[in-house]
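This report concerns only the one structure given below.
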Amino acid sequence: MTVRVRIAPSPTGNLHIGTARTAVFNWLYAHRHGGQFILRIEDTDVERSKAEYTQNILDGLKWLGLNWDEGPFAQSDRLELYRQGIQKLLDNKLAYRCYTSSVELDELRATQEARGAAPRYDNRHRNLTPEQEAEFVAAGRQPVIRFKIDDQREISWIDAVRGKVSWQGSDLGGDMVIARAAQDGAGQNSVGQPLYNLAVVIDDIDMKITQVIRGEDHIANTAKQILLYEGLGVTIPEFSHTPLILSPAGKKLSKRDGVTSIWDFKDMGYVAGALTNYMTLLGWSAPDAQEIFSLDEAAAQFSFDRVNKAGAKFDWDKLNWVNSQYLHKMTPEELLPELIPFWEAAGYKVDADRSWLLRLATLIGPSLETLKGGFEERTGLTTQGGVEISRTFFTANPTLGEEATAQLGQDGVKDILTSLQTALAEMSEIDEDGAKGLLDRVTKERGVKKGVVMRSLRAALTGEVNGPDLIQSLILLHQRNLALPRLQAALAV
RNA sequence: GCCCCCAUCGUCUAGAGGCCUAGGACACCUCGUUUUCACUGAGGCAACAGGGAUUCGAAUUCCCUUGGGGGUACCA
């Protein structure tokens with residue numbers, strides 16, 4: 001039987017890191033087994049679902065390289081299918097109409113809570129007589145459809161990551177609602193919007209899903225869904241409940257944690273490959289302990305028996321390291337197009353010719369942790385990034401840092417800079433040998449240590465005492481006619 | 001509250017009874033390299049939650065305790 005898996009996000013927000021990670025595991029499993037990866041949009045909650053989020057999720061999955069084989073299917077296009085399923089359950093007396101009002105339900109829960117008992121529906125309308133039903137209808141009540149759950153029933157399944165998981169029917173909260181109340185004025189036999197558990201099961205059956213791979217937060221739903229599979233008389237798929245990604249504080253990652261949308265990560269300068277790589281590492285490990293791998297490489301070795309059971313805390317340090325590995329591995333030609341949007345977003349005028357830009361990418365590439373860098377308020381971390389490191393190459397006049405000012409103020413430094421300026425003024429172009437020669441000449445001429453010359457030059461050119469290779473920096477700056485003005489400006493201090 | 005799940009260095013993890021004086025990675029520290037920072041190389045620090053039981057032998061099996069997470073909707 002061919003493997004068929006699915007990712008089923010609900011479009012109630014931008015693509016979330018948790019959803020993306022579930023998508024990664026599904027993708028890996030599908031590709032490991034030469035199966036199909038299906039995308040289904042679960043938009044049965046019309047209140048919260050928005051088309052823009054659907055688009056956002058599609059774009060995000062594409063950006064991450066998590067291409068799907070079928071879909072996207074929208075549950076809102078499949079309502080008739082769910083209606084048929086509900087009808088079948090009704091016909092087989094496995095489901096019934098429940099007229100309990102929300103006020104009555106609230107009261108019920110309040111009493112249960114007061115008793116210290118678990119809130120649950122008491123199945124009060126499970127066996128209504130036709131007369132009782134007629135009374136509720138006459139009173140204008142719109143029923144929900146509830147699926148019968150046998151309290152005595154023990155539900156268990158073999159989970160691909162957890163082994164045997166069992167659930168008692170009585171812990172499922174009573175007969176479950178599978179369809180909302182129909183709109184007022186709808187016919188007596190109409191049913192309202194289907195609810196999550198019903199729609200999922202109907203779809204997974206219809207789409208011939210062979211393994212359901214989803215987050216651990218769905219375990220309780222699985223018990224309910226197994227009952228629905230049985231009620232519908234079909235084969236139950238295999239389930240794999242993956243550990244959750246926890247916030248650094250150890251809680252389920254929520255919107256409150258600031259950075260949860262995949263786009264937040266993109267904006268901060270993380271690349272897609274690093275993100276999927278890191279998400280894979282959060283819960284799975286390769287047999288050979290390899291940590292940097294492409295999706296394809298991971299897929300070749302992926303299996304659920306190497307997926308951890310415990311939740312994994314999200315760690316920015318490790319993500320930064322993984323991202324840096326990807327950035328360092330990229331050629332300047334690959335890196336440049338990634339860098340340009342960030343430079344432009346930072347307001348840099350990216351009008352230099354391509355060879356100059358490539359040279360800059362070559363220079364800063366090995367230092368990069370992210371494409372952006374600097375202090376991120378959302379994470380509280382500072383990273384070495386492309387915007388930060390290359391700032392001095394794009395801004396007209398660097399502001400002198402404290403240490404740079406101190407360096408420039410030292411005895412003899414002005415003389416050194418004057419010599420450098422004079423010599424450089426006669427060189428319209430400068431290459432590596434030329435730059436080295438220049439520094440050697442000035443060092444000899446001034447009778448100082450080379451380090452002093454270099455530190456002074458760096459301070460004058462960049463306003464900093466630290467930074468990427470000085471020779472290369474000088475060459476790049478001089479090509480853009482920025483070196484001489486900066487020496488001039490430094491002399492004027 | 002109730003139900004379910006989980007538990008190895010600060011973090012992600014390897015480990016499926018003897019190969020474990022517990023391995024790797026990130027972070028951190030030291031040294032080398034570098035004018036500097038970063039990269040990179042070498043080294044270091046650092047954990048089997050606690051208690052019972054089984055066994056010749058337990059990080060690995062079982063039980064209890066503790067701790068953590070998830071769930072408990074006419075959300076998904």
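Per chain, numbering begins at 1; letters A, B, ... match sequence-line order.
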For a quick check of understanding: with a heavy-atom distance under 4.0 Å over all strands, which category does [X] fall into, base, sugar-phosphate or nothing?
X	value
A:Leu319	nothing
A:Thr100	base
A:Leu470	base
A:Ser166	sugar-phosphate
A:Arg458	base
A:Asn221	base
A:Ser367	base
A:Ala118	base

Could you tell me how far apart [X] ([atom1]) and [N] ([atom2]) are, to the nearest whole angstrom?
X	N	atom1	atom2	answer
A:Asp217	B:G68	CG	P	20 Å
A:Ile389	B:C39	CD1	C1'	10 Å
A:Ile471	B:U36	CD1	C1'	13 Å
A:Asn197	B:C74	CG	P	11 Å
A:Glu216	B:C6	CD	C1'	7 Å
A:Tyr99	B:C74	OH	P	17 Å

Which of residues 171-181 of chain A sit near RNA chain B, with a heavy atom under 4.0 Å from it?
A:Asp171, A:Val177, A:Arg180, A:Ala181
Which residues within residues 101-110 of chain A lie with some heavy atom under 4.0 Å of an atom in RNA chain B?
A:Leu105, A:Arg109
Taking the ring centre of each residue, are A:Tyr196 and A:His218 less than 6.0 Å apart?
yes
Is the distance from the ring center of A:Tyr270 to that of A:Trp321 below 6.0 Å?
no
According to salt bridge (charged side-chain N to carboxylate O under 4.0 Å, His left out), who are the partners of [X], at least two apart in sequence or on a separate chain?
X	result
A:Lys318	A:Glu291
A:Arg441	none
A:Glu107	none

Exactly one of A:Thr222, A:Asn26, A:Thr22 clears side-chain hydrogen bond (donor to acceptor under 3.5 Å, both in side chains) with A:Arg214, and that residue is A:Thr222
Think A:Arg146 forms a cation-pi with A:Tyr121, using NZ or CZ under 6.0 Å from the six-ring centre and within 45 degrees of its axis?
yes
Provide the full list of side chain to side chain donor-acceptor pair (under 3.5 Å) pairs with a residue in residues 452-466 of chain A, sequence neighbours left out, each pair given once.
A:Gln407-A:Ser456
Protein within reach of the bases, or only the backbone? For nucleotides 40-47 of chain B, mark each nucleotide 5' to 3' as B, S or -, using heavy atoms under 4.0 Å.
S-------
Ignoring hydrogens and geometry beyond distance, is a side-chain donor-acceptor pair present between A:Gln472 and A:Glu432 at under 3.5 Å?
yes
Testing the 3.5 Å rule here: is there a donor-acceptor pair between the side chains of A:Arg446 and A:Ser419?
yes
Residues that A:His125 engages under ring pair (Phe, Tyr, Trp, His ring centres under 6.0 Å), provided they are two or more places apart
A:Phe136
Which base sits across from B:G1 as a Watson-Crick or G-U pair, both distances under 3.5 Å?
B:U72
For the [atom1] atoms, the ones on [N] and on [M], what distance do you get once it is rounded to whole angstrom?
N	M	atom1	answer
B:C19	B:A58	C1'	15 Å
B:A46	B:G41	P	24 Å
B:U65	B:C2	P	13 Å

List the atom of A:Pro243, the atom of A:Ala310, and the distance in Å for their closest heavy-atom pair.
CB-O, 3.1 Å
Can you name the atoms? Protein N/O to nucleotides 61-67 of chain B N/O, anything below 3.5 Å, with the distance.
none

Sort me out a list of protein N/O and nucleotides 10-13 of chain B N/O pairs below 3.5 Å, or just none if empty.
residue	atom	partner	partner atom	Å
B:C12	OP1	A:Lys313	N	3.1
B:C12	O2'	A:Leu281	O	3.1
B:U13	OP1	A:Gly283	N	3.1

Below the 4.0 Å mark, does B:G70 have OP1 or OP2 next to a side-chain nitrogen or oxygen of A:Lys251?
no
Under 4.0 Å from OP1 or OP2 of B:C75: is there any side-chain N or O of A:Thr12 that close?
no
Between the protein and nucleotides 48-51 of chain B, list every N/O to N/O distance that falls short of 3.5 Å.
none

If you look only at pairs with a residue in residues 158-176 of chain A, which of them pass as a salt bridge (charged side-chain N to carboxylate O under 4.0 Å, His left out), with sequence neighbours excluded?
A:Arg126-A:Asp175, A:Arg162-A:Glu216
